[in-house]
Amino acid sequence: MSRQFKNPVLNWIEYRLPILSFIDDSVGSGYPTPKNLNYWWNFGSLAGIVLVVMIASGIVLAMHYTPHVDYAFDSVERIMRDVNYGWLIRYIHMNGASMFFIVVYIHMFRGLYYGSFKAPRELLWMIGVFILLAMMATAFMGYVLPWGQMSFWGATVITNLFSAIPLVGDSIVTLLWGGFSVDNPTLNRFFSLHYLLPFVIVGLVIFHLWALHEHKSNNPLGVDIKGEQDLIPFHPYYTFKDLFGLGVFMIFFLSFVFFWPNFFGEPDNYIPANPMATPPHIVPEWYFLPYYAILRAFTKDFILYWPVSWLITAKLAGVIAMFSSILLLLLLPWLDGSKVRSAKFRPYYAMAFWVFFLNCIVLGYIGGKPAEGPFILIGQIATTYYFVHLLIIIPLVSRLERPKPIPESISAAVTAAHAMKAGE
Amino acid sequence: MTMTYLKSAVTAVALATAILTTGAAMAEGGTPTPPKIDWSFSGPFGVYDRGATQRGFQVYKEVCSACHSMNLLHYRQLEGIGYSKDEIKAIAATVEVTDGPNDEGDMFTRPGKPADRFVAPFANSKAAAASNNGKAPPDLTLMVKARKGGADYVHGILTGYKDTPPAGVQIPDGGNYNEFFPGHVIAMAPPLSDDAVEYSDGTKATLDQEARDVATFLAWAAEPEMEARKTMGIKVLLFLLVLTGMLYAVKRQVWKDQH
C-alpha cells in the first residue's frame with residue numbers, strides 16, 4: 001500500500017517502511033471523518049495531547065525527585081525552588097492531572113449523549129473505560145509521591161479499602177504497602193508503578209484508536225456513514241479544528257498553571273506527611289469525589305445495603321459499589337437497547353442523561369463534604385440514583401421510548417439544515 | 001528532673017486532648033473566616049511589596065525565629081526580596097552554623113554564608129517539642145500555602161488573640177484563645193504586639209502592621225517564584241490569545257467550502 005511521493009527521500013523511506021502513508025491514513029488526508037462533528041469531538045485529541053504533556057513533564061520531574069519518605073517532600077520543594085523552571089514543570093504536571101480528568105470526563109459524557117458506545121463501537125468504549133481505570137490508578141499513586149499529609153492519609157484510607165475483601169483482604173493490603181503500614185516501601189512501589197502505568201495507558205490508547213479507525217468516529221446525528229458524501233478528510237478539516245480547540249484549551253489550562261496553580265489542590269499537602277497526626281478532613285482529589293461519595297454512602301442503614309447485609313459488611317458493600325460504578329459502564333452497550341444512538345432523537349433518554357449528569361455533580365459535591373447531617377442522606381439518594389439510572393432507567397427507557405425519525409444520512413441532514421438556513 | 005518531664009508530658013496530653021476535642025466540636029461553623037486583605041501580591045499583576053517583605057523578614061528574625069524554623073529557605077534567596085549580595089553576606093554572617101566533620105573528624109561552628117539554609121532554633125523536632133509543651137512549632141516556609149486562607153489566615157492568627165475568651169469557653173493551661181484558630185485554643189502565646197519590633201524605615205510598628213508584614217514575608221517564602229510565574233503567565237496567555245485567534249481564522253478559512 002506504499003504511496004508515491006515527489007520527494008525522492010520520502011519515496012525511499014516510504015518504499016522500505018510505509019510510515020508516511022500510515023500517518024496520513026491515521027491523522028491525515030487519508031483518514032475519512034464524518035463531516036458534521038461538533039466541538040464536543042475535540043476532547044478525544046485533547047486527551048491524547050494531555051497524556052503526552054503528562055508523560056513529558058513527568059519524565060523531567062522524575063529526574064529530580066527522590067522516592068524516600070525522608071526526602072520526597074523536600075525533593076519536590078527543591079524542584080519548586082531550585083530547579084530551573086521546576087515550578088513550571090511541576091505545576092504543569094499537577095494541574096495537568098486535573099485537566100486530564102476534565103477532558104476525559106467531557107469526552108465520556110459526549111459518548112453517553114451521542115450514543116458513541118453503541119454497536120459497532122462497544123470495544124472502543126470498553127477500552128476507554130479501562131483507560132479511565134488506569135488513569136485513576138496513576139493519578140492516585142502520583143498524588144502520594146510528594147509525601148504531604150493528604151498524600152499519606154489518602155494512601156492510608158484508599159489502600160485500607162482492600163482490607164474489606166474477605167479472607168485475602170489483609171494480605172492484599174500488606175502487599176500494597178510492602179509492610180504493615182504506609183511507609184517507605186509503599187512510596188517506592190507507588191513511584192515505580194506511577195512511572196509504568198502511563199505507558200500502559202499509551203498502549204490502551206493505541207487499541208482505542210485502532211478500534212476507532214475501524215468504524216470511524218460516531219457523529220452528533222448518530223447515523224451510520226452511508227458513503228463518500230458524508231465524509232471529509234481529517235486533514236486539513238479536523239487537524240485545524242483540533243488545533244483551534246487546543247489553543248482554547250491551553251488558555252484554560254495555563255491560566256491555572258500560572259495564576260491559580262493550587263486551585264485544585266489541598267493546602268494540607270504542603271504539610272509534610274506525619275503518621276502521628278491525622279488531618280481533620282481527609283478528602284481525595286476532586287476527580288475522585290463522586291466515587292468517594294458512593295463509597296461512603298454505604299452505612300448500616302442504607303437501603304441499598306439491606307439486601308446484602310446478611311452476607312457482607314457495609315464497608316465491603318461500599319467498596320464493591322464504588323468499583324461497580326465504573327465497571328458497570330462496561331455493560332452500557334447492552335444495558336442500552338435502543339438502536340438509535342444520538343440523544344437528539346431520544347427525548348426521554350436526553351432528559352435522563354441530564355439528570356444523570358447533574359447527579360454526578362451532586363455526588364462530587366457530597367464527596368467533598370464531611371459525612372454528617374444532611375450530606376449523608378443526599379449522598380445516599382444520589383448513589384441510589386446513579387445505579388437506578390444505569391440498571392433500570394437506561395434499560396427501560398431505551399426499550400420503551402419511541403425515538404423521533406432519524407435522518408437518512410449525514411449529508412441529507414446537512415443539506416436540509418443548509419436549505420433551512422438559506423430559506424430564512 | 002523526672003517530675004518536670006512528667007509534668008510537661010501531662011500538660012501536653014491534656015492540651016492535645018483539649019485541642020482535638022474542641023477542634024472536632026468547633027470544626028462545624030465554629031471558626032470564623034479571617035478578614036480578606038488586599039495584599040500587594042494578590043491578583044494576576046500582584047508583586048511582593050519589597051518594603052513589607054523586608055520588614056516581615058525583620059519580624060521573623062527578631063520574633064518568630066525564636067521558635068519557628070524556615071528550613072527550606074537559604075540566605076542567598078533573600079536577593080528575591082531586594083537585599084544586595086553584600087547585605088545578604090552580612091545577614092548570613094550574624095548566625096553560627098554547625099559544619100563538618102573537618103579533617104580531624106570534628107564538627108565545628110563558623111559564621112553563616114549565603115549558601116546556608118536558615119538556621120533553625122532547635123536542633124531537631126524532639127528538642128523543639130520538649131521546649132514547647134510537647135508540640136514542635138511548625139516550620140513556616142510553606143505556611144501560607146499549607147493553610148486555607150493563606151496570608152489572610154496568617155494575619156488572622158497573629159491578630160486574632162483575645163485576652164478574655166468568650167463566656168463559657170475553657171482555656172486549658174498553656175493554651176491561648178484565638179478567634180481564627182480552628183478550635184480557638186492555640187498553644188502559641190501572642191507573639192506580636194504594638195512595637196514588638198522597631199522598623200528601620202520609620203513605619204509605625206503596630207500589631208496589624210507587623211502581622212501584615214510578616215504574612216507578606218511568609219507568602220514570599222512559600223512562593224518565591226510567584227513574580228516570575230505571573231510575568232511569564234501574562235506573556236504566555238497573550239501569545240496564546242493571538243495564536244488561538246489566528247487558528248480560528250485559519251479554521252474558518254479551511255472549512256469555508258463546507259458551510
Side-chain angles (χ1 to χ4, degrees), chain A residues 35-36 73-74 76-78 80-83 85-88 90-91 148-150 232 235-262 265-272 274 276-278 280-281 370 372-373 414 417-418 421, chain B residues 16 20 23-24 27-28 43-46 71-74 77 80 125 135 138-139 141-150 153 182-183 221-226 228-255 257-259:
Chain A
K35 64 205 290 188
N36 61 334
F73 187 90
D74 283 352
V76 171
E77 278 307 316
R78 207 186 79 81
M80 294 297 291
R81 289 155 178 277
D82 286 334
V83 173
Y85 298 107
W87 55 268
L88 178 59
R90 197 228 169 185
Y91 278 153
Q149 274 289 65
M150 279 301 169
I232 47 175
H235 178 75
Y237 292 103
Y238 287 108
T239 41
F240 279 101
K241 196 172 177 179
D242 281 356
L243 273 177
F244 167 60
L246 178 64
V248 175
F249 169 71
M250 279 299 175
I251 291 172
F252 178 74
F253 178 8
L254 294 178
S255 296
F256 283 102
V257 167
F258 286 110
F259 297 106
W260 298 278
N262 293 301
E266 279 291 320
D268 278 54
N269 226 27
Y270 284 108
I271 305 170
N274 181 357
M276 309 300 284
T278 319
H281 296 301
E372 59 193 22
V414 171
H418 280 219
K421 231 180 183 175
Chain B
L20 279 180
E28 261 307 278
F45 300 99
N71 286 332
L72 298 171
L73 276 187
H74 298 78
Q77 287 173 292
S125 62
K135 199 169 177 299
D139 186 273
T141 328
L142 291 171
M143 188 50 74
V144 165
K145 272 171 123 178
R147 294 292 182 276
K148 279 207 168 66
Y153 174 82
E223 300 188 297
E225 89 297 342
M226 185 208 72
R229 171 158 57 75
K230 288 177 178 174
T231 316
M232 188 193 282
I234 287 160
K235 287 184 204 155
V236 167
L237 287 191
L238 283 178
F239 169 79
L240 276 176
L241 281 172
V242 173
L243 177 74
T244 306
M246 290 187 343
L247 282 171
Y248 182 65
V250 174
K251 186 255 160 192
R252 295 264 308 190
Q253 188 62 29
V254 167
W255 279 78
D257 61 347
Q258 290 294 327
H259 289 300

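Order of the sequence lines sets the chain letters (A, B, ...), proteins ahead of strands, with each chain counted from 1.
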Problem set entry | Heavy-atom pairs under 4.5 Å with chain B, option from Thr239(A), Asp82(A), Leu246(A) with the top count |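 Option with the top pair count is Asp82(A).
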Problem set entry | Closest-packed option against chain B by number of heavy-atom pairs under 4.5 Å, given Trp260(A), Phe258(A), Tyr85(A) |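 Top count of heavy-atom pairs under 4.5 Å with chain B: Phe258(A).
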For this session: State yes or no: are the ring centers of Phe240(A) and Phe244(A) separated by less than 6.0 Å?
Result: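 Here the rings of Phe244(A) and Phe240(A) have centres that are no less than 6.0 Å from each other.
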Exercise. Under 6.0 Å between the ring centres of Trp255(B) and Tyr238(A)?
Worked result: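 Judged by ring-centre distance (under 6.0 Å), Trp255(B) and Tyr238(A) do meet the cut-off.
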Quick check on [X] against chain A: is it the side chain, the backbone, both or neither that has a heavy atom closer than 4.5 Å?
{"X": "Thr141(B)", "answer": "both"}
{"X": "Pro224(B)", "answer": "side chain"}
{"X": "Ala249(B)", "answer": "neither"}
{"X": "Leu243(B)", "answer": "neither"}
{"X": "Val250(B)", "answer": "side chain"}

Which atoms of [X] are under 4.5 Å from chain B, going by heavy atoms: the side chain, the backbone, both sets, or neither?
{"X": "Val257(A)", "result": "backbone"}
{"X": "Phe256(A)", "result": "neither"}
{"X": "Ile251(A)", "result": "both"}
{"X": "Glu266(A)", "result": "side chain"}

Exercise. Between Lys251(B) (side chain) and Leu243(A) (backbone), is there a donor-acceptor pair under 3.5 Å?
Worked result: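 It does not hold such a pair.
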For this session: Check step by step if side-chain contact (heavy atoms from CB on, under 4.5 Å) holds for Phe252(A) and Leu240(B).
Result: CA-CA 10 Å; Phe252(A) 178 74; Leu240(B) 276 176; over 6 Å; no
For this session: Between chain A and each of Gln253(B), Lys230(B), Met232(B), Met246(B), count heavy-atom pairs under 4.5 Å; write down the option with the most.
Result: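 Option with the greatest count: Met232(B).
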Exercise. Highest number of heavy-atom pairs under 4.5 Å with chain A: which of Pro138(B), Gly43(B), Ala146(B), Pro44(B)?
Worked result: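 The answer is Ala146(B).
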Exercise. Considering residues at least two apart in sequence or located in another chain, which fulfil the side-chain contact (heavy atoms from CB on, under 4.5 Å) criterion with Val83(A)?
Worked result: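 Val83(A) satisfies side-chain contact (heavy atoms from CB on, under 4.5 Å) with His64(A), Arg78(A), Ile79(A) only.
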Problem set entry | Distance in Å, Leu88(A) CG paired with Met80(A) CE, rounded so as to fall on 0.5 Å steps |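 Leu88(A) atom CG to Met80(A) atom CE measures 10.0 Å (nearest 0.5 Å).
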For this session: Compare all side-chain heavy atoms of Glu223(B) with those of Asn262(A) and state whether any distance is below 4.5 angstrom.
Result: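 With C-beta onward as the side chain, the pair touches.
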Problem set entry | Minimum side-chain heavy-atom gap Trp87(A)-Met226(B) below 4.5 Å |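 Side-chain contact under 4.5 Å: no.
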For this session: Report the C-alpha separation of Tyr248(B) and Val248(A) in whole Å, then their side-chain angles, then the decisive distance to 0.1 Å, and conclude whether the side-chain contact (heavy atoms from CB on, under 4.5 Å) test is met.
Result: CA-CA 10 Å; Tyr248(B) 182 65; Val248(A) 175; over 6 Å; no
